[in-house]
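Heads up, the thing below is written out as structure tokens.
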Amino acid sequence: MAPRAYWKGYLRLSLVTCPIELFPATSQSEKTHFHQINTATGHRLRQQMVDEETGKVVDKEAKGRGYEVSKGRYVEIDEDELQAVQIESTHTVEIDGFVPLSEIDKRYLDRPYYIVPDGKVGADAFVVIRDAMKDKDRVALARIVMANREHIIALEPLGKGILGTTLRYDYEMRDDTPYFSDVPAPRVSKEMLDLAEHILETKAGHFDPRKFKDQYELALRKLVKRKAAGKKIEAPEPAEETGKVIDLMEALRRSVHGARQHAASARPKGKRKSKARNGRKARKAA
């Protein structure tokens with residue numbers, strides 16, 4: 001069954017427009033989720049909205065939105081009033097311009113979406129916009145309205161479609177100065193840096209998300225399966241603490257030694273034997 005589009009509208013670049021569909025690129029559905037239950041009956045619990053002053057359950061019809069203007073004092077905002085601030089371009093992704101991909105601070109990246117043409121009508125325009133962005137090392141910046149809020153979205157080609165990533169606004173970002181200002185700046189010897197750089201080189205590789213496993217998720221699934229089978233769950237013994245190396249230089253040297261041992265063990269075995277065997281075969285043939 002084909003996934004249901006999260007958003008439908010139009011992609012516009014100047015006078016070129018095409019219908020598009022937008023799908024979330026990530027999913028939480030595969031993760032293990034728990035429900036609140038009554039441990040006495042085994043029945044699932046349902047949450048209710050309760051008035052914090054009276055303690056009474058509030059009917060659905062009486063629920064509304066309020067903004068706290070002072071302690072305990074709220075100004076009520078109803079749906080009709082919210083409609084008054086609706087953004088005009090509700091169903092159009094309007095491309096405002098193009099910027100180098102390298103200029104986008106990774107902290108601003110929020111949520112990724114897959115964008116595809118909505119049907120065959122307008123597919124030509126979609127392909128033209130997509131291919132025009134290829135090999136430029138630039139992304140398109142556009143505006144999109146989702147859930148009554150306007151977002152900035154960065155668009156870039158991805159395979160046969162387009163990857164759209166919503167960006168955080170500047171006011172949402174925290175300044176890093178208060179967090180990094182107290183970080184000390186000790187003088188580090190060249191030997192220490194050389195050793196650290198060597199460790200980095202031994203661990204160099206390529207990003208492959210399949211190598212990373214959610215160990216907690218796997219343990220949760222195993223726990224649920226064992227509990228459903230009626231098996232007893234016991235907490236494992238706490239791991240013993242390993243000896244801490246206080247001396248930084250000694251820690252770096254040990255790390256380099258460990259990296260070399262790992263590299264040696266990772267080499268394919270029997271390589272030398274095969275070379276010697278090939279040498280003997282060559283001599284016999286001669």
Side-chain angles (χ1 to χ4, degrees), residues 1-7 22-35 100-116 133-134 137 139 146 151-168 172-174 176 179-180 183 192-229 231 233-245 248 251-269:
M1 185 177 179
R4 186 178 178 182
Y6 175 74
W7 185 94
L22 187 142
F23 301 87
T26 60
S27 172
Q28 298 290 318
S29 62
E30 296 300 320
K31 284 191 173 182
T32 300
H33 298 279
F34 295 101
H35 296 291
L101 178 60
S102 59
E103 290 185 3
I104 298 180
D105 190 326
K106 290 182 175 61
R107 292 174 294 178
Y108 283 84
L109 302 178
D110 191 11
R111 293 185 178 180
Y113 294 91
Y114 296 139
I115 301 175
V116 300
M133 291 190 290
K134 286 185 177 179
D137 291 326
V139 295
M146 294 187 292
H151 303 267
I152 304 300
I153 188 167
L155 308 174
E156 56 184 313
L158 180 65
K160 295 171 68 176
I162 292 176
L163 174 66
T165 306
T166 54
L167 305 179
R168 298 181 178 92
E172 297 179 90
M173 298 302 302
R174 289 179 173 178
D176 57 74
Y179 304 95
F180 298 157
V183 176
M192 283 187 178
L193 282 176
D194 290 341
L195 287 171
E197 288 175 4
H198 179 75
I199 296 170
L200 265 62
E201 287 298 322
T202 59
K203 293 181 176 294
H206 297 282
F207 178 68
D208 182 359
R210 293 171 297 182
K211 290 183 179 179
F212 300 95
K213 304 297 181 184
D214 188 342
Q215 299 298 335
Y216 183 70
E217 175 63 24
L218 295 175
L220 272 181
R221 294 178 185 178
K222 189 175 181 181
L223 182 147
V224 171
K225 188 175 181 180
R226 285 174 56 83
K227 191 68 184 288
K231 296 182 180 179
I233 307 298
E234 295 181 353
E237 293 292 330
E240 294 183 6
E241 289 189 10
T242 56
K244 295 181 180 178
V245 182
L248 179 57
L252 289 168
R253 285 172 178 160
R254 289 191 187 184
S255 298
V256 170
H257 180 68
R260 285 172 179 166
Q261 285 186 328
H262 177 74
S265 62
R267 290 194 197 104
K269 296 180 180 179

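Here the structure is a predicted model, which is why all the values come from computation and not from measurement.
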Name all residues meeting the salt bridge (Lys or Arg N to Asp or Glu O under 4.0 Å) criterion together with [X]; count only those two or more places apart in sequence or in a different chain, and write none if there are none.
{"X": "R174", "result": "none"}
{"X": "E234", "result": "K232"}
{"X": "R111", "result": "none"}
{"X": "K160", "result": "none"}

Checklist entry - Are the side chains of L22 and M146 in touch, meaning some heavy atoms are under 4.5 Å apart? => result yes

Can you name the residues that form a side-chain contact (heavy atoms from CB on, under 4.5 Å) with [X], not counting sequence neighbours?
{"X": "F212", "result": "F207"}
{"X": "E103", "result": "P100"}
{"X": "L101", "result": "V139, E156"}
{"X": "L200", "result": "none"}

Next on the checklist: Applying salt bridge (Lys or Arg N to Asp or Glu O under 4.0 Å) as the test, list every pair that has at least one member in residues 211-220; sequence neighbours left out.
Outcome noted: E217-R221

Checking [X] now: which residues fulfil side-chain hydrogen bond (donor to acceptor under 3.5 Å, both in side chains) with it, not counting sequence neighbours?
{"X": "Y6", "answer": "none"}
{"X": "S27", "answer": "S29"}
{"X": "H35", "answer": "R44"}

